[in-house]
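Here the structure is laid out as structure tokens; the discussion comes afterwards.
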Amino acid sequence: MLYNDPTYLLIIPAFLLAIYAQWKVSSTFAKYSQVACSRGYTGAQVARYILDDYRLQSIAVEQTPGNLTDHYDPRAGKLRLSDNVYGSNSVAAIGVAAHEAGHAIQEAKGYAPIKLRNGMVPVTNLGTTLAFPLFLLGMFAGMPMFMDVGIILFSLAVAFSVVTLPVEFNASSRALRVLADGRFLNEKELPMAKAVLSAAALTYVASTAMAILNLVRLLMLRSQRD
Ligand SMILES: [Zn+2]
């Protein structure tokens, strides 16, 4: 990706893992999108019930376009569910809806990693935008200082990716704990929801691995300069 350098070999395992994780999450979601939950609730209803249980009536549940674009927006105080989750009563939809509600609960409970993660968003955006251009500028112009700044900025993106992991795993475990009470899913359906959430978690693991290995690459290219 950078140019003709052998360090790109380093990221191939993470790249393959990322492709596998993407395939796994799409196929697992598609599979359990075909299974209607016996209780008949939609993703939107489940999210609403869970939020209300935690006295989070102020958080709106909205529909958002796209596939697997579900997210909780802490600034807007909105939980956005994608077309295939919002109005769907599939087991996959219930799992995703409960996971997103898990993020809202994290914030309400003051769960430290999500506070850290949200606080890192602006600086991470800046870091990911500028890291590679500065690094390349430093490399081609023979100014190692710019390479160092690029590495520091890219480290912020790596840190963000690492902090995202506990946030995502915790949201899923909260979701599964809520769903385990049997109100929305029966005991046959619960493992299906769990499979969807585990596949989703793997995509975060893959992107963190990718980020870490890219950082190692930059450090290797930097040390070649000395
Ligand atoms: Zn999440």
Side-chain angles (χ1 to χ4, degrees), residues 17-18 20-30 32-33 42-51 53-54 56 59-86 88 90-122 124-125 128 157-180 184-185 190 192-211:
L17 180 66
Y20 171 75
Q22 267 319 314
W23 168 80
K24 186 78 183 162
V25 73
S26 309
S27 62
T28 310
F29 185 84
Y32 295 125
S33 287
T42 64
Q45 286 173 323
V46 168
R48 185 73 269 155
Y49 283 126
I50 296 173
L51 292 172
D53 281 351
Y54 284 84
L56 298 173
I59 295 172
V61 179
E62 288 183 348
Q63 190 163 358
T64 197
N67 191 30
L68 296 175
T69 47
D70 311 79
H71 64 278
Y72 168 60
D73 181 345
R75 275 160 212 254
K78 285 177 177 161
L79 204 154
R80 301 201 180 96
L81 300 176
S82 63
D83 299 332
N84 293 327
V85 170
Y86 187 90
S88 165
S90 74
V91 173
I94 306 305
V96 171
H99 170 94
E100 298 307 332
H103 285 308
I105 296 163
Q106 286 175 332
E107 210 207 11
K109 298 245 174 196
Y111 177 67
I114 201 173
K115 284 203 273 185
L116 181 60
R117 185 184 182 276
N118 291 342
M120 286 173 79
V121 170
T124 305
N125 287 340
T128 39
V158 174
F160 181 81
S161 192
V162 170
V163 171
T164 297
L165 292 179
V167 175
E168 293 304 328
F169 280 89
N170 177 270
S172 286
S173 64
R174 282 178 200 268
L176 292 168
R177 241 178 290 149
V178 169
L179 295 176
F184 307 115
L185 296 179
L190 188 63
M192 300 176 190
K194 191 177 179 184
V196 172
L197 297 182
S198 300
L202 191 61
T203 63
Y204 290 102
V205 173
S207 59
T208 303
M210 188 87 122

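Ligands are counted one by one from 1 in listed order, and the atoms in each one are counted from 1 as well. We use all heavy atoms of the structure for the numbers below, so side chains are in, but hydrogens, waters and symmetry mates are not.
- Glu168 contributes atom OE1 as its closest N/O/S atom to the Zn ion (ligand 1).
- For residues 195-208, the set of pairs meeting the salt bridge (Lys or Arg N to Asp or Glu O under 4.0 Å) definition, not counting sequence neighbours, is empty.
- For the pair Ser33 (side chain) and Ala92 (backbone), a donor-acceptor distance under 3.5 Å is absent.
- Counting only residues at least two apart or on different chains, the salt bridge (Lys or Arg N to Asp or Glu O under 4.0 Å) pairs with a member in residues 60-79 are Glu62-Lys78, Glu62-Arg80, Asp73-Arg80.
- Taking the six-membered ring for Trp and thresholds of 30 and 60 degrees, Trp23 and Tyr20 have ring planes inclined between 30 and 60 degrees apart.
- The Zn ion (ligand 1) lies at 2.8 Å or more from every N, O or S atom belonging to Asp70.
- Note on His103: counted as a metal contact of the Zn ion (ligand 1), an N/O/S atom lying under 2.8 Å.
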